[in-house]
There are 2 protein chains.
Amino acid sequence: MKYRRTNPLALAVLALLWERPMHPYELAATMRERHQENVIKLNYGSLYTVVDGLAKAELIRHVEFSREGKRPERSVYALTPEGRAELDSWLRELIAVPAREYPQFEAGISMVGLLPPDEAQLLLTRRAAAVEEHITALTTLTAQLKERGLPRLAWIELDYRMTMLRAEHAWLTSFTEATRDGTVDGHQFWVEAHR
Amino acid sequence: MKYRRTNPLALAVLALLWERPMHPYELAATMRERHQENVIKLNYGSLYTVVDGLAKAELIRHVEFSREGKRPERSVYALTPEGRAELDSWLRELIAVPAREYPQFEAGISMVGLLPPDEAQLLLTRRAAAVEEHITALTTLTAQLKERGLPRLAWIELDYRMTMLRAEHAWLTSFTEATRDGTVDGHQFWVEAHR
DNA sequence: GAGCATATACTCGTGGCCGGATATACGGGA
DNA sequence: TCCCGTATATCCGGCCACGAGTATATGCTC
């Protein structure tokens, strides 16, 4: 039976089990340690559902119940050959084919006309500030990672995100200015609608 | 009881009902007509769930069963004052506060090291081509909208998306080139891991 | 050595999203 | 006039995500 690629958390699970067999809690801990949870949404409930799903599709296999001292039983999973193939194929797809996604800000900005222009201006300025803060934080973080000897390839997703955030910031600034100066095409209508 | 802002489709519903009372099917049709479905994910199942939720929170109210000829019964909903307030407040939040989102490409690119560099290069090139096509399509579309006399404010979300796509394209090009030339920091390790 | 916070490890119930199924009406061509 | 494709309008069942809850073990402090 074919596996339905929904939750990218499943991809992370496959990738981690490719390194070595682990039990779910360990998967979560490892993702935390490597800051992967900033890139792929992680929470326990989903993790166990996802692991079950992968096991049902035989992409991973339940290999043992281990027990250390009197700790709770741990069920360890390992990657199967089919799982390895799925990891490869899914990853290729994620990279080569842009996914149809719906960023919330697009929804918001598409309705900005419902708010009066001066308020829109304020809100956009606030967003720009938040975005800038985020950029600063990422700059600091990447500098630290670099110092620790990690090559760019190891934090390439942060590099990508920074590029995108900078682009968003530039757009926000330019649109905010246009709103302030009244040079947005449609400004006349916008002002008149809010009186 | 407070409403849980999950599905942005609910925001679209509030915005449409602000114009005039409608029944769910009409909401969907209107969204289609205005190309809003490209910005906010729409499908019938979710729509009826969302409308129910809004009604339960009394942000919209069931005003009538109308019937035209022998067509199926239609249940028409209208915006309440609380709904109007919610629309405003939610919209402000969407614009001012960047939402924590998890674009799939970030997940993919973060694992690009699992693929051999030459293949990564190929996949990234394919993505760049797809992104470029998308940009071209948007350029044509916006030109048409402009011709029809629609001001930029009316398709501001397309403007935003084009900016973001261009930024992604530039990043893809630059990273692909670096991969080809072997100038990515970590290239040595990358090549050696795949032999 | 008692007590409390934290770490380990998993489970379960709720609720929301989705796609496909259903049923009727209308319009146009043979 | 009959048929078929499309438009109108809604409903339902399954699946999946989520976060809170549970239970034990370990370590740290006083």
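Sequence lines set the chain letters: A, B, ... in the order given, protein chains first and strands last, and positions in each chain run from 1.
- When the C1' atom of dC18(C) is taken as reference, atom CD of E37(B) falls 16 Å away, rounded to whole Å.
- Checked against side chain to side chain contact (heavy atoms under 4.5 Å, CB included), E147(B) has no partners two or more places apart in sequence or in another chain.
- With sequence neighbours excluded, no residue satisfies side-chain hydrogen bond (donor to acceptor under 3.5 Å, both in side chains) with Y25(A).
- Put simply, CG on L47(A) is 9 Å from P on dC10(C), counting in whole angstrom units.
- Residues satisfying the salt bridge (charged side-chain N to carboxylate O under 4.0 Å, His left out) criterion with E93(A), sequence neighbours excluded, are R5(A).
- Atom CD1 in I40(B) sits roughly 13 Å away from atom P in dC17(C) (whole-Å rounding).
- Among residues two or more places apart in sequence or in another chain, the salt bridge (charged side-chain N to carboxylate O under 4.0 Å, His left out) test is passed with E58(B) by none.
- Counting to the nearest Å, the P atom of dA25(D) and the OH atom of Y25(A) are 15 Å from each other.
- To the nearest angstrom, C1' of dT8(D) lies 14 Å from CG of L27(B).
- Contact annotation: Y48(B) side-chain N/O to dT10(D) OP1/OP2 distance is under 4.0 Å.
- Considering only residues two or more places apart in sequence or on other chains, Q144(B) meets the side chain to side chain contact (heavy atoms under 4.5 Å, CB included) condition with T140(B), L141(B).
- Whole-Å rounding puts the E26(A) CD to dA7(C) P distance at 17 Å.
- As rounded to whole Å, 13 Å separates atom P of dA7(D) from atom CD of E33(B).
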**Asked** How does each nucleotide of nucleotides 13-21 of chain D score, in 5' to 3' order, for protein heavy atoms under 4.0 Å: base (B), sugar-phosphate only (S), or none (-)?
**Response** ---SSBB--

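- Side-chain nitrogen and oxygen atoms of H23(B) include at least one within less than 4.0 Å of the OP1 or OP2 phosphate oxygen of dT10(D).
- Figure legend: cation-pi geometry between R127(B) and F105(B), with NZ or CZ positioned under 6.0 Å from the six-membered ring centre and within 45° of its axis.
- Residue M22(A) contributes atom CE, which lies 13 Å from atom P of dC10(C) at whole-angstrom precision.
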